[in-house]
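This report concerns only the one structure given below.
Each chain gets a letter, A, B and so on, in the order its sequence line appears, and its residues count up from 1.
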Amino acid sequence: MTKEKRIEALFKRLKTEKKKALITFVTAGDPDLPTSKKIIQGLEKSGADLIELGIPFSDPMADGPTIQAASERALKKDVHLTDVLGLVKEIRKKSEVPIVLFGYYNPIFTYGLKKFAKDVRAAGADGVLVVDLPAEECDELKSELDRNAIDFIFLLTPTSDDSRIQLVASKASGFIYFVSVTGVTGARKSLSTDIPKLVKRVRRFTKLPIGVGFGISTPAQAKEVAKSADGAVVGSAIINIIAENKGTSGRLLARMGSFVAALKRGVEGA
Amino acid sequence: MKKTPDKLGHFGIYGGRYISETLMPAVMELEEAYNRWKKDPDFKKELAYYLSEYVGRPTPLYHAERLTKKAGGADIFLKREDLCHTGAHKINNTIGQILLAKRMGKKRVIAETGAGQHGVAAATVAAMFGLECEVYMGEDDIKRQLPNVFRMKLLGAKVTPVTSGSRTLKDAMNEALRDWVTNVYNTFYIIGTVAGPHPYPMLVRDFQSIIGVEARKQIKGLTGRLPDLLVACVGGGSNAMGLFHAFLDDKKVRMTGVEAGGDGIRTGRHAASINGGTVGVLHGNKTYLLHDKYGQIIDTHSISAGLDYPGVGPEHAYLHDTGRVEYTTITDKEALEGFQALTLSEGIIPALESSHAVAHALKAARDMKKGSSIIVCLSGRGDKDLNTVSKAFNFEI
């Protein structure tokens, strides 16, 4: 019998506990590989339920300045897809936290789709999200991921109409990542008031859990979002802490830890 | 020849739509609008009107006799896109796209630019139709193409310097895509070349194909037959697709796309995606790219800002694979020689982009029989490059 997939198991457990997921995003290798490992372990310890791990790319056109800079820092340390997979393998030795690799298509395409899917499984990652690979172009990668029981996570956005939600839902597994704004990644002062309505619309077409992200930067915002969604995704706000404290890993981990713990309390209070 | 692209924008294995979900509805909306309006008699009439009365079409096909003599072989004809309003072929496309933007009810247009020619062409049509315009331009390109930056500003456009990455055309395109994703409801993205997500490669090609349609008619009038060779420079490749497209079914007409060889392919300092790259995915399409073994896009180099781009339009990738078009390179040094040759022999100062095509045509003409003919797409004028050229020639201006 195959083991239950980690992402599915997570959302199932949270559902019975009537809880919501805190999903955190960091770029792998930012500010360097050893610190990155400690950061990921710290995220889990402070309450992150699922880790999204960014694959550094030279041209992150869907990202705002914060994640662009994170990607640049990782590339400066020569961190590429191979190293990201190595990092996942390291984390997996001591942790069962679900991990989703989050990246752009070119590094994956260049790596080779078949080898990528196989190595993702071998490393112990659970899902893959490719920002610039829409449902129309995804079949080649999907069949490789399916073969290796890796979840394929997709983005849906405020611009997606019913027919696109249906199409994307037909390809997706694990969970749906709903992008709360039309825009790039990055912390924002206020969130759209339409989120509950938009999430509800997506639910009409899928039973998959829905995580909402882009722009969520405070525990209060995370709480707000978690009221209607199954999880809140926070990325840039965590990366800002990494960027501000990248010289001193002790302080970095302490500050990040207390911030993530506060986010967790926010999500749980929803 | 098979009609390309297919419904999802594929030219063979190339092209397609590799963009974030937020933009998918926007490119589908554009595709729908384009398919509707391109058949509309009023749209066609309006486009034809502006191309003739505003852009100044048809542009001449000029027999460059002194250049021909200098090469000593085939007759060289110049398709004078440099005589278009704003000084380059780019406006053929921006006119078409702004007419679409207007019909789609968009109030704001954005564009990326390398040499500034497309930026100027976009700012120009935005001024004419009273739309807000923002142009993204790499900081390095702003430095080397200052005259065009002033022109855009005079035309009322906001020019936003891009400081990320290599600070050139690719980064300008990243930033334009970020803007589009943010302002997708009210903004029309005017892409300047035959690249990007479907329908852009097809749409830009169609708007530029007037170059070849005219040239085909003109050369028959002048020589009584089709040309033996077409030559055009290729960065993204819009002027080349524009010239080539009408001739694709003329099996006897050879075509050569000239990529930027920079310091030479072997030095690694170039911008020749087909000659020096491998297949990858960037900016919405699958095509030949200059990237490393990890799939990271690498910095390109060309003396010409308009060719300084790590990718190429997907239809060119396809035409390369099928063998219909040959792709070669010209180095910075050779391009400068081409620039000088045309300036001194014909009194025409070409853009550095177009100088690549001129340089190759000179080489090719030498090996061709007298009485055979070459059409070179002179895609733009060289005024914007005087700074770069004077530096290269150690000339005080």
Measuring from atom CZ of A/Phe109 to atom OG1 of B/Thr278, what distance do you get when rounded to the nearest 0.5 angstrom?
8.5 Å
Side chain, backbone, both or neither of A/Leu133 within contact of chain B (heavy atoms, under 4.5 Å):
both
Going through the distances and angles, do B/Arg178 and A/Gln68 end up as a side chain to side chain contact (heavy atoms under 4.5 Å, CB included)?
CA-CA 12 Å; B/Arg178 289 178 188 124; A/Gln68 285 176 46; 3.0 Å; yes
Max heavy-atom pairs within cutoff under 4.5 Å with chain B, candidates A/Tyr105, A/Tyr104, A/Phe154, goes to A/Tyr105
Between A/Val130 and chain B, which part of the residue has a heavy atom less than 4.5 Å away: side chain, backbone, both or neither?
neither
Turns out that what part of B/Met173 lies under 4.5 Å from chain A's heavy atoms comes down to neither
Backbone N/O of B/Tyr18 and side chain of A/Asp132: donor-acceptor pair under 3.5 Å
no
Any idea which heavy atoms bring A/Ser58 and B/Lys170 closest together, and the distance?
O-NZ, 4.3 Å
Verify the neighbour count for atom CD of A/Gln166: are there more than 12 heavy atoms of other residues, nucleotides or ligands below 6.0 Å?
yes
Which portion of A/Pro65 sits near chain B, non-hydrogen atoms under 4.5 angstrom:
neither
Any idea which heavy atoms bring B/Leu282 and A/Met61 closest together, and the distance?
CD1-CE, 4.5 Å
Backbone N/O of A/Pro56 and side chain of B/Gln296: donor-acceptor pair under 3.5 Å:
yes
For the residue pair B/Glu21 and A/Leu156, what are the closest heavy atoms and their distance?
CG-CA, 4.1 Å
To the nearest 0.5 Å, what is the distance between CE (B/Met24) and CG (A/Leu155)?
12.5 Å
Okay, side chain of B/Thr22, backbone of A/Thr157: is any donor-acceptor separation there less than 3.5 Å?
no
So OG of B/Ser166 and CG of A/Asp59: to nearest 0.5 Å the spacing works out to 7.5 Å
CG-OH distance between A/Asp83 and B/Tyr294, expressed to the nearest 0.5 angstrom
7.0 Å
Part of B/Ile298 within contact of chain A (heavy atom distance under 4.5 Å):
neither
Report yes or no: does A/Asn106 contribute a side-chain atom to a donor-acceptor pair with the main-chain N or O of B/Val281 at less than 3.5 Å?
yes
Restricting to non-hydrogen atoms, name the atom on B/Gly295 and the atom on A/Thr110 that form the minimum distance, rounded to 0.1 Å.
CA-OG1, 3.5 Å
Looking at every heavy atom in both A/Val184 and B/Thr182, which two are closest together, and how far apart are they?
N-OG1, 4.0 Å
Determine whether a donor-acceptor pair (N or O, by modelled atom type, separation under 3.5 Å) exists between the side chain of A/Glu137 and the backbone of B/Arg17.
yes
Contacting moiety of B/Lys293, where chain A heavy atoms sit under 4.5 Å
backbone
Just checking A/Lys77: does its NZ atom have more than 12 heavy atoms from other residues, nucleotides or ligands closer to it than 6.0 angstrom?
no
Contacting region of B/His291 [heavy-atom separation from chain A under 4.5 Å]:
side chain
